[in-house]
Amino acid sequence: MLLRFAALFVLHFVQGFPYGLFFYAIPTWLAANGVSAGLIGGFVSAATLPWMLKFFAGFIMDRVSFLAMGKRRAWLISSQILLAITLLISAWSAPGVSDILLLSVLAFSVNFAAAFQDAAISGLAVDLVPKDERARANGFVLAGEGIGTAIGTILSAIVIARVGLSAAFLIMMTFILVTLTFLILTRERPGERLLPWTPGAASAQTLAHSVDAWRPLITSIWRAMATPNSVRLVVAMTLNGLTLGLYTVIAPIIATKFGRWSDESFSALNGLAGLVAGVAGMVAFGIAVDRVGTKWGGSIGLFAYACIGVVFIAAAPLWYAQATFVVLVFAAFLSSTLAYIALYATAMRLCDLRVAATQFAIFLAFANFGTILAGGIVGWLDALGGTTLILAVASVFGLMGTIAFWYIGTEGDAAAEQDPSFE
């Protein structure tokens, strides 16, 4: 159990570095330099698009695998190499704050590689984590991602402000190469090959959950996604993604425009909040969700996250006080971490192990689809009603997502149909 949790923590920890760079440090850098909400929204959408499309990666991984190295590990190693190459190209390109198109292309490219990696990690988690460990495992997943994002955000902001964006890309690449070494030296299951040319063979568990034809794969995915619970989770994920996307764009604009935060200091605040939320997810939230259940844990987290927009509107007279942002940013990170621990655990529960990478990726793709939609509408909302309307719409979407999640039950699950002992 500890090795599984440690592996998930490390993989998501390093994955959080480029996430902190592209979703917190760079948007805050753009906002501090006067870039409009619409252009920042376009950049965030470009960075998010590969995450919405990662179910294609999961689909390929569920069908094509080098089983002698494990069902996911060869894909993990390949995606790490691709991620390092894209970061190196980004550093060489040396974009400036006015190069929004180039920044968007680089954001798409780097996150494309990261999304491939994440699809493999998600499938690995569903394959290896027993159902009674899933909430705690997702505590480690969110902790690794949160802490990695926090450090990536803080480090990126400091490096961008003092050295430049290219240096930040190179630092991210260094961490990716360290993780690549870890992956090369670690097996999915005992007896498998470390590398294609080393001794070893596919395990019985891997062979049992492999799909050797396209048609059964497509049929299994369709059946798993067509259950009422899967549909409800898709709705909840999409609406929460919309809320996240709107907050991601508007928060740095409010902070730098009204709160007099510099891009470096506000990125550091986001990083610190992410660090605290990550630790809370690992030591408290995962255990709490195990005890109270994903329904209550997820609903509480989603509701609290949705209410951030309403509280921000009510606190408008205090936007000039930096303490206001400290409280609200910490509340946002903590509530979203609690929500995602339950959302991920629910998604894992609904997955059919034969198509786990694809199905899990589809669930998360809809969350990213919501974020892309947010990037597309934020400029229109800003023109129509300004900051207040953006925050209000974000809260409405979040509350609707909470309702959809609350009505997810246990009947009709793909996992239940596959495993007669499922409860």
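These values consider heavy atoms only, across backbone and side chains, with no hydrogens, waters or symmetry-generated copies.
The closest donor-acceptor contact from the side chain of Thr371 to the backbone of Gly241 lies under 3.5 Å. Without hydrogens or angle criteria, Thr243 side chain to Ala394 main chain gives a donor-acceptor distance under 3.5 Å. Of the possible polar contacts, none joining the Ser230 side chain to the Ala226 backbone as a donor-acceptor pair under 3.5 Å is found. Side chain of Thr153 to backbone of Gly271: no donor-acceptor contact under 3.5 angstrom is found. With Asp99 contributing its side chain and Gly96 its backbone, the two residues share a donor-acceptor pair below 3.5 Å. Between the side chain of Trp319 and the backbone N or O of Phe312 there is at least one donor-acceptor pair closer than 3.5 Å. No side-chain donor-acceptor contact under 3.5 Å links Tyr305 to the backbone of Ala339. The backbone N or O of Ala306 sits less than 3.5 Å from a side-chain atom of Ser395, completing a donor-acceptor pair. A distance-only check finds a donor-acceptor pair linking the side chain of Thr402 to the backbone of Gly398 [under 3.5 Å].
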Exercise for review: Could you walk me through whether Phe333 and Val276 pass side-chain contact (heavy atoms from CB on, under 4.5 Å), step by step?
Suggested key: CA-CA 8 Å; Phe333 272 88; Val276 171; over 6 Å; no
**Study point:** Residue pair Phe369, Leu49: steps toward the side-chain contact (heavy atoms from CB on, under 4.5 Å) verdict
**Key:** CA-CA 7 Å; Phe369 175 63; Leu49 181 58; over 6 Å; no
Check your understanding: Would Phe169 and Leu21 count as a side-chain contact (heavy atoms from CB on, under 4.5 Å) if you check the C-alpha gap in whole Å, the side-chain angles of each, and the deciding distance to 0.1 Å?
Key -> CA-CA 8 Å; Phe169 287 133; Leu21 172 63; 3.6 Å; yes
Point to revise | Met225 and Val234: CA distance, side-chain angles, deciding distance, side-chain contact (heavy atoms from CB on, under 4.5 Å) verdict | key: CA-CA 9 Å; Met225 291 303 302; Val234 162; 3.8 Å; yes
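Defined by atom type and a distance below 3.5 Å, a donor-acceptor pair is missing between the side-chain atoms of Asn111 and Tyr19. For the residue pair Ser93 and Ser90, no side-chain donor N or O sits within less than 3.5 Å of a side-chain acceptor on the partner. Side-chain polar atoms of Ser265 and Ser262 form a donor-acceptor pair below 3.5 angstrom.
Note that OG of Ser267 is 9.0 Å distant from CD1 of Ile154, once rounded to the nearest 0.5 Å. For the atom pair CD1 of Ile377 and CG of Leu384, the computed distance is 11.0 Å after rounding to the nearest 0.5 Å. Rounded to the nearest 0.5 angstrom, Ile300 CD1 and Trp406 CH2 are separated by 8.5 Å. Here the straight-line distance linking atom CG of Leu275 with atom CG of Asn270 works out to 12.5 Å at 0.5 Å rounding. Atom CD1 of Ile89 and atom CG of Leu106 lie 9.0 Å apart (nearest 0.5 Å). To the nearest 0.5 Å, atom CD1 of residue Ile362 and atom CE of residue Met237 are 12.0 Å apart.
In this view, Phe397 satisfies the ring-ring contact (aromatic ring centres under 6.0 Å, His included) rule with no residue, not counting sequence neighbours.
What you find for Ser335 and Ala304 is that their closest heavy atoms are CB-CB, 3.7 Å. In plain terms, the two heavy atoms of Ala84 and Leu177 that are nearest each other are CB-CD2, 3.9 Å. Heavy-atom minimum distance, Phe175 versus Val14: O-CG1, 3.6 Å. Among all heavy-atom pairs drawn from Val35 and Ile40, the shortest one is O-CD1, 3.6 Å. Across all non-hydrogen atoms, the minimal contact from Ala404 to Ala236 is CB-N, 4.0 Å. Scanning both residues, Ala168 and Ile160, for their nearest heavy atoms gives CB-CG1, 4.1 Å.
Between Leu391 and Val310, the closest side-chain pair of non-hydrogen atoms is not below 4.5 Å. The closest side-chain heavy-atom distance from Thr48 to Phe23 is below 4.5 Å. Ile184 is listed as a side-chain neighbour of Ile77, based on a closest heavy-atom distance under 4.5 Å. Residues Leu343 and Leu364 are not in side-chain contact: their nearest non-hydrogen atoms beyond the backbone lie 4.5 Å or more apart. Side chains of Phe43 and Phe22 form a contact here, defined as non-hydrogen atoms less than 4.5 Å apart. Looking at Ile26 and Leu165, their side chains come closer than 4.5 Å, going by heavy atoms from C-beta outward. Within the 4.5 Å cutoff, no side-chain heavy atoms of Phe405 are placed close to those of Asn240. Counting heavy atoms from C-beta on, the side chains of Leu170 and Val159 never come closer than 4.5 Å.
Counting heavy-atom neighbours within 6.0 Å of Phe112 CZ, excluding the residue itself, gives a total of 12 or less.
Tested against Ile390, the residues Ile254, Ile250, Val249 include a single side-chain contact (heavy atoms from CB on, under 4.5 Å) partner, Ile250. Shown are Thr86, Val105, Leu82, Ile85; of these, the side-chain contact (heavy atoms from CB on, under 4.5 Å) with Val110 is made only by Thr86.
Ring planes of Phe13 and Phe17: perpendicular class, angle over 60° (limits at 30 and 60°). Between Tyr320 and Phe258, the angle of the ring planes goes over 60°, which puts this pair in the perpendicular group of the 30/60° scheme.
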